[in-house]
Number of protein chains: 4
Amino acid sequence: MSKRQVPASVKDERLIEKRREQMVKGAVNLFKEKGFHRTTTREIAREAGFSIGTLYEYIRQKEDVLYLVCDTIYDEVRERLEQDIDTKQGTIESLKRAIANYFKVVDEMQDEVLVMYQEVKSLSKDALPYVLQKELEMVGMFEKVLEGCVNKGEISLTKSEQKLCAHNIFVQGQMWAFRRWALRKMYTLEEYIALQTDLLLKGISKK
Amino acid sequence: MSKRQVPASVKDERLIEKRREQMVKGAVNLFKEKGFHRTTTREIAREAGFSIGTLYEYIRQKEDVLYLVCDTIYDEVRERLEQDIDTKQGTIESLKRAIANYFKVVDEMQDEVLVMYQEVKSLSKDALPYVLQKELEMVGMFEKVLEGCVNKGEISLTKSEQKLCAHNIFVQGQMWAFRRWALRKMYTLEEYIALQTDLLLKGISKK
Amino acid sequence: MSKRQVPASVKDERLIEKRREQMVKGAVNLFKEKGFHRTTTREIAREAGFSIGTLYEYIRQKEDVLYLVCDTIYDEVRERLEQDIDTKQGTIESLKRAIANYFKVVDEMQDEVLVMYQEVKSLSKDALPYVLQKELEMVGMFEKVLEGCVNKGEISLTKSEQKLCAHNIFVQGQMWAFRRWALRKMYTLEEYIALQTDLLLKGISKK
Amino acid sequence: MSKRQVPASVKDERLIEKRREQMVKGAVNLFKEKGFHRTTTREIAREAGFSIGTLYEYIRQKEDVLYLVCDTIYDEVRERLEQDIDTKQGTIESLKRAIANYFKVVDEMQDEVLVMYQEVKSLSKDALPYVLQKELEMVGMFEKVLEGCVNKGEISLTKSEQKLCAHNIFVQGQMWAFRRWALRKMYTLEEYIALQTDLLLKGISKK
DNA sequence: CATGAATGAGGTTTCATTCAT
DNA sequence: GATGAATGAAACCTCATTCAT
């Protein structure tokens with residue numbers, strides 16, 4: 001499944017990219033504050049720095065903005081993950097680093113993660129699969145890291161456990177954004193990383 | 001923080017309860033399908049089986065419906081949890097049962113949990129705290145169970161770990177609802193319960 | 001043109017009178033504050049001390065309340081005028097007394113006068129004539145007093161001037177209510193009475 | 001106290017002026033017939049010749065239309081008064097002319113005057129002062145004329161009497177609009193002017 | 001005779017989208 | 001390629017009135 005195209009009336013590809021960047025940037029700010037549905041297209045245009053007419057030269061519908069926003073955020077998160085993760089090393093240490101780095105990315109992009117997290121469901125049946133696919137790919141990255149560790153004999157997990165574990169890691173990262181109302185009162189980011197890593201590795205039962 | 005009151009024009013308390021039940025039931029169905037914002041008040045009224053005028057005899061604003069929906073769902077989930085959970089026993093077995101029961105409740109109420117999960121953020125600043133409070137109370141129940149186990153020496157966790165672990169359990173239950181698009185393809189409920197419980201207890205690192 | 005009947009479902013005449021009194025009293029308070037259109041029938045019922053259902057046992061439409069209000073106020077103003085005015089005496093003194101008394105009545109009933117003044121126009125084409133008729137009757141009282149003075153040779157006015165002068169007096173009384181925002185800052189009631197009487201009698205041109 | 005601004009979404013000032021003119025014109029017609037409260041925003045838009053959406057590009061609330069209507073009418077009345085009145089001459093003749101002209105303006109604009117007269121009270125507490133201020137300015141114009149006459153020794157009035165007299169003149173003009181149901185049956189405009197001027201100057205008591 | 005729950009027409013307002021300039 | 005005025009469907013909400021109890 002490749003990238004979903006959002007048609008524009010304008011031809012100049014360079015310009016399209018530029019305008020859409022402005023658009024997404026403005027939209028994230030607004031969605032953060034009021035959510036997708038309470039944000040108007042006029043506000044998006046104004047925040048992006050151009051007119052409502054221009055906005056519609058680069059999208060067909062309001063929902064396209066949401067898609068672009070989600071798409072952009074996922075791309076950025078993934079890109080930053082890819083830089084940090086070494087899926088081949090297969091050491092506990094590399095797993096820990098992957099988790100820590102991912103949690104840090106979430107922390108730095110918490111607004112974006114939150115927005116995306118809360119608004120994906122507003123995407124049309126048409127656009128949703130593309131975004132979910134991206135999520136699966138990211139989960140897949142953690143799966144790879146785990147697999148590496150298993151292969152190296154550092155940990156022992158069935159395929160099923162690997163997959164679930166990858167989902168857990170992914171969700172625990174998002175948790176830091178969408179449950180910050182509760183977690184932030186209790187932990188710093190570093191504590192959160194340390195605790196989650198520990199629980200993940202050792203479990204809770206006595207040895 | 002006690003229950004937040006939604007004022008009604010109608011006086012008969014019995015009737016209020018009955019009508020609101022109809023209302024919530026209808027609303028959940030609609031929210032499930034189209035989300036809060038895409039659902040109109042007229043649709044809610046129709047689905048509930050009465051007129052738009054009558055709807056507004058029992059609420060002041062559309063948002064009140066959302067609050068009542070969230071409130072009702074939380075109450076039901078908690079009620080069912082309370083029946084099943086034994087916070088005093090302090091055995092690993094009782095912890096497992098608590099988790100399994102909670103996950104089963106989430107499974108049975110997956111539509112409701114999903115709705116609530118996705119729409120809480122649409123609540124006004126005014127209503128949100130009441131709902132978050134309820135969530136914390138439920139997390140607190142798992143904390144108690146964990147504490148019981150610690151006290152009995154069955155497991156060893158710091159206070160901090162207990163709290164985080166309770167959050168994790170709670171979120172992993174919700175996960176079964178909000179990530180069913182991915183999880184359902186891989187696991188049955190029973191498998192999910194078994195795997196999560198195992199990971200939680202033993203962790204992933206080799207003994 | 002006799003009194004316009006507002007039909008009631010209830011038979012007991014005594015009761016009708018009592019309920020309508022309550023109704024008018026409550027309504028005047030509300031109209032004073034928010035005007036006829038912004039006042040709801042429910043509010044009228046509540047302020048009157050009974051239920052919306054009961055209200056509609058004594059009127060057919062909301063507008064009937066307005067008619068009853070106007071009717072009642074006019075009757076009270078006229079009644080109080082009739083007590084004070086001596087149309088036969090024909091002295092300047094009696095004219096002065098009539099004016100002073102009328103202005104005092106307006107002052108005491110300023111809320112009612114204001115309400116009536118501002119809301120008559122909301123009466124239906126059907127009810128309006130009855131109320132205007134009452135107004136003409138009151139103007140007629142001043143006309144009589146003026147006529148008395150003319151007949152006694154105290155003042156000299158043509159029939160036309162008498163009529164207009166009566167209107168002027170009547171409106172200058174209402175003025176005290178509907179322009180109180182301006183007049184009250186400049187005059188006490190006594191000053192207002194004295195000045196208006198003086199201007200009326202002597203005019204402004206040098207003798 | 002300067003002009004109260006009604007915000008528009010449209011930027012082109014020329015266009016705003018034009019559209020608001022259409023709007024006010026249509027609204028006066030409708031208010032004349034059914035009053036402010038019984039006129040719908042849709043009707044106003046249709047009468048003005050554009051869509052409901054366009055209407056709301058030029059106002060924020062229905063009440064803004066009423067404010068613009070009142071504002072416009074006052075401005076027009078005043079403008080026409082200013083053209084005619086010579087406040088400096090100080091002759092009885094100029095006073096008579098001022099009154100006659102004012103009464104003629106009221107006669108020509110009787111619908112507008114009536115509308116404004118009956119609906120000002122529906123203005124919000126926010127907008128009312130601006131309109132009352134305009135009324136005071138117009139009263140002030142008559143005050144000036146009277147003052148001129150006093151200074152020239154043509155008439156003799158105390159300051160207090162001048163002020164009241166100005167109010168009387170102003171109200172007697174409006175009377176011709178709001179009591180036309182009674183006055184028109186008795187007098188032509190010319191008769192009304194002649195009689196009121198006469199009564200004003202000479203009073204009613206015998207010389 | 002009194003009540004108040006139910007109704008739904010209709011009010012005001014918003015806002016995604018278009019299109020002439 | 002950019003603008004922003006115009007549109008009107010459709011949203012939320014109110015409230016006069018009815019009628020079964």
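Only a predicted model underlies this, so the values are computations on that prediction, with no experimental measurement involved.
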Gap between atoms CG and P, on L55(B) and dA5(E) respectively (whole Å): 15 Å
Rounded to whole Å, CD1 of I16(D) lies from P of dA6(F) at a distance of 10 Å
Looking at dT21(E), which nucleotide sits across from it as a Watson-Crick or G-U wobble partner, both distances under 3.5 angstrom, or is there none? dA2(F)
Only pairs with both distances under 3.5 Å count, Watson-Crick or wobble alike; so what is the partner of dA10(F) in this structure? dT13(E)
Think K121(D) forms a cation-pi with Y117(C), using NZ or CZ under 6.0 Å from the six-ring centre and within 45 degrees of its axis? no
May I have the distance from H37(D) (atom NE2) to dC15(F) (atom P), rounded to whole angstrom? 11 Å
Identify whether any heavy atom of R19(B) sits under 4.0 Å from a base atom; if not, whether one sits that close to sugar-phosphate; answer base, sugar-phosphate or nothing. sugar-phosphate
For R42(D) and dG10(E), what is the distance between atoms CZ and C1' respectively, to the nearest whole Å? 8 Å
At 4.0 Å (heavy atoms only), tell me whether T40(A) reaches a base, stays on the sugar-phosphate, or touches nothing. sugar-phosphate
Which nucleotide, dA6(E), dT12(E), dG4(E), lies nearest any side-chain atom of I52(C)? dG4(E)
Apply the side chain to side chain donor-acceptor pair (under 3.5 Å) test between D71(C) and each candidate in R4(C), R20(C), K134(C); give the one that qualifies. K134(C)
Looking at side-chain heavy atoms only, is the closest gap between M23(A) and I44(A) below 4.5 Å? yes
Pick the nucleotide of DNA chain E nearest each of D12(C) and T41(A); which residue has the one closer to the 5' end? D12(C)
Both F50(A) and G53(B) contact DNA chain F. Taking the nearest nucleotide for each, which residue is further toward the 5' end? F50(A)
Which nucleotide sits closest to the side chain of V10(C): dT7(F), dT17(F), dC1(E)? dC1(E)
Please report, rounded to the nearest Å, how far the P atom of dA11(F) is from the CZ atom of R38(A). 16 Å
Counting side-chain heavy atoms from C-beta on, which of dA16(E), dA2(E), dA6(F) comes nearest to K62(A)? dA16(E)
Take the angle between the ring planes of Y130(C) and Y67(C) and call it parallel below 30°, perpendicular above 60°, tilted in between. perpendicular
Would K34(D) and E43(D) count as a salt bridge (charged side-chain N to carboxylate O under 4.0 Å, His left out) if you check the C-alpha gap in whole Å, the side-chain angles of each, and the deciding distance to 0.1 Å? CA-CA 11 Å; K34(D) 342 168 47 172; E43(D) 286 170 325; 2.6 Å; yes
Interatomic distance, R46(D) CZ vs dT7(F) P [rounded to whole Å]: 14 Å
Given dT13(E), dA6(F), dT3(E), the nucleotide with the shortest approach to the side chain of T54(C): dT3(E)
Any salt bridge linking R42(C) with E57(B)? Criterion: basic side-chain nitrogen under 4.0 Å from a carboxylate oxygen. yes
Has Y58(C) got a side-chain N or O lying under 4.0 Å from the OP1 or OP2 atom of dC1(E)? no
Any strand counts, and the cut-off is 3.5 Å on both contacts for Watson-Crick or G-U wobble. Which nucleotide pairs with dC15(F)? dG8(E)
Check the distance between dA5(E)'s P and K18(B)'s NZ and give it to me in whole angstrom. 13 Å
Quick one: is Y56(C) getting a side-chain N or O under 4.0 Å of the dC19(F) phosphate, OP1 or OP2? no
Please pick, from dA5(F), dA2(F), dT7(F), the nucleotide with the shortest atom-to-atom distance to any side-chain atom of L15(A). dA2(F)
The side chain of K11(B) is closest to which nucleotide in this list: dG8(F), dA5(E), dT3(E)? dA5(E)
Closest of dA5(E), dT3(F), dT3(E) to the S51(C) side chain is dT3(E)
Q22(D) atom CD is separated from dA5(F) atom P, nearest whole Å, by 15 Å
